[in-house]
Enquirer: 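The structure is given below, and queries will be raised subsequently.
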Amino acid sequence: MTVAHPLLPVDEDWQRCLAVVAHPDDLEFGAAAAVARWTGQGKEVVYVLLTSGEAGIDGIDPAEAGPLREREQRASAEIVGVSEVEFLGLPDGVLEYGVPLRRELARVIRTHRPDIVITNNFRDSWDEAGDALNMSDHIVTGRAVLDAARDAGNRWVFRDQVDAGLRQWGGVRQVWAANSPLSKHAADTTGTFELGVRSLEAHEAYLRGLGAGDFDAEEFLEGFSRQTGTRLGVKYAAGFEVFKLNLL
């Protein structure tokens with residue numbers, strides 16, 4: 001049987017990955033199962049969250065929601081083998097693209113020195129038809145991360161960081177935007193799908209606030225993970241739009 005729009009496997013010949021996204025739960029809507037695959041291979045993955053997701057639960061004041069969501073994110077990360085989770089403390093819901101954000105993200109990349117960077121889908125929609133609109137924080141984050149990955153390798157950009165002893169890092173080989181509608185690559189998550197489900201379920205307070213409060217994490221993840229898996233030739237998979245930087 002011919003598969004429509006087949007996907008290629010992502011490159012797994014790397015050791016260090018930095019996942020930089022806007023909110024707690026962003027990685028858990030698909031990519032976390034892939035992270036579990038990679039940590040199981042002995043790879044190092046670090047999470048960096050721009051915000052604490054404090055504006056994400058309508059019924060809980062941000063002052064309470066932020067720390068709660070940080071705790072849930074740390075528990076979620078632990079399930080898929082990630083022990084280092086950093087929160088930048090930027091304001092949820094009103095992230096702005098610009099030089100200050102690029103500067104902060106270049107600092108993060110120069111500090112962690114990853115081979116691969118994972119970030120948010122920054123396309124306007126989650127589907128090619130344009131019917132499932134994306135949100136500003138995701139678009140801003142993904143775009144800024146892609147640009148900052150290049151900035152980090154240029155000693156003359158944000159030179160104050162280099163002058164202060166933080167060496168430039170041109171070792172980011174690729175940036176992967178998770179769940180992009182333009183994904184042409186994917187990671188097989190068949191063996192780690194259940195860990196991905198558990199990592200999403202760890203965002204208990206957030207999921208309770210979705211819709212009627214009866215969100216089914218396994219059902220949701222199974223739907224698109226199976227579709228992506230079919231395109232990769234496996235049971236379950238997570239899709240990525242791959243940007244090759246060729247900075248080395």
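Start at 1 with the first residue, then count along the sequence. No experiment lies behind these values; they were computed from the predicted model shown. Computed over heavy atoms, backbone and side chain alike; hydrogens, waters and symmetry mates excluded.
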Enquirer: According to the side-chain hydrogen bond (donor to acceptor under 3.5 Å, both in side chains) rule, which pairs have a member within residues 79-96, sequence neighbours left out?
Expert: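 Only H23-D92, E86-H112 qualify under side-chain hydrogen bond (donor to acceptor under 3.5 Å, both in side chains).
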Enquirer: Does CG belonging to D58 count more than 12 external heavy atoms closer than 6.0 Å?
Expert: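 Open: at most 12 neighbouring heavy atoms sit under 6.0 Å from CG of D58.
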Enquirer: Counting C-beta onward and ignoring hydrogens, is there a side-chain heavy-atom pair between H5 and K184 closer than 4.5 Å?
Expert: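 Side chain of H5 against side chain of K184, heavy atoms only: no contact under 4.5 Å found.
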Enquirer: Do you know which two heavy atoms are closest between H138 and W126, and how far apart they sit?
Expert: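 Where H138 meets W126 most closely, the heavy atoms are ND1-CZ2, 3.6 Å.
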Enquirer: Should E104 and R107 count as an ion pair when the cut-off is N to O under 4.0 Å?
Expert: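 Looking at E104 and R107, the cut-off is met.
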Enquirer: Does atom CD of E219 have more than 12 heavy-atom neighbours, drawn from other residues, nucleotides or ligands, at distances under 6.0 Å?
Expert: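 Counting other residues, nucleotides and ligands, CD of E219 stays at 12 neighbours or fewer.
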Enquirer: Residues in side-chain contact (heavy atoms from CB on, under 4.5 Å) with S52, at least two apart?
Expert: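 Listed in chain order: E54, E70, F87.
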Enquirer: How long is the straight-line distance from SG of C17 back to CD of Q174, given to the nearest 0.5 Å?
Expert: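 Here the interatomic distance stands at 11.0 Å.
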Enquirer: Does the plane of the ring in F215 sit parallel, tilted or perpendicular to the ring in F220? Use 30° and 60° as the thresholds.
Expert: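 Answer is tilted, since the angle falls between 30° and 60°.
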Enquirer: Can you tell if the side chain of P9 reaches within under 4.5 Å of the side chain of L232, non-hydrogen atoms only?
Expert: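 They are in contact (side-chain heavy atoms under 4.5 Å apart), so the answer is yes.
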Enquirer: So among I118, V242, I116, T119, which one has a side chain to side chain contact (heavy atoms under 4.5 Å, CB included) with V175?
Expert: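 Only match with V175 under side chain to side chain contact (heavy atoms under 4.5 Å, CB included): T119.
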Enquirer: Drop me the distance from I60's CD1 to Y206's OH, to the nearest 0.5 angstrom.
Expert: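 Here the rounded value is 12.0 Å.
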Enquirer: For the ring pair F224 and F29, is the centre-to-centre distance below 6.0 Å?
Expert: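 No, too far apart.
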Enquirer: Looking at E204 and R208, does any basic side-chain N land under 4.0 Å from a carboxylate oxygen?
Expert: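 Here E204 pairs with R208 in a salt bridge, since their nearest N and O are under 4.0 Å apart.
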Enquirer: Would the number of heavy atoms belonging to other residues, nucleotides or ligands and lying under 6.0 Å from CD of E78 be above 12?
Expert: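 No, not enclosed.
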Enquirer: My understanding is that only residues two or more places apart in sequence, or in another chain, count here; which of them pass salt bridge (Lys or Arg N to Asp or Glu O under 4.0 Å) with R71?
Expert: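 Result, salt bridge (Lys or Arg N to Asp or Glu O under 4.0 Å) vs R71: none returned.
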Enquirer: With rounding to the nearest 0.5 Å, note down the distance linking CD in E241 to CG in N179.
Expert: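 Going from CD on E241 over to CG on N179, the span is 11.5 Å.
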Enquirer: What I'd like to find out is whether the side chain of N120 reaches to under 4.5 Å of the side chain of V145, using heavy atoms alone.
Expert: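 SC-SC contact between N120 and V145 ruled out.
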Enquirer: Go through R123 and E128 one step at a time and tell me if the side-chain contact (heavy atoms from CB on, under 4.5 Å) criterion holds.
Expert: CA-CA 9 Å; R123 301 303 179 181; E128 290 191 73; over 6 Å; no
Enquirer: For residues Y97 and F122, establish whether the separation of their ring centroids is below 6.0 Å.
Expert: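 Not close enough - the centres of the two rings lie 6.0 Å or further apart.
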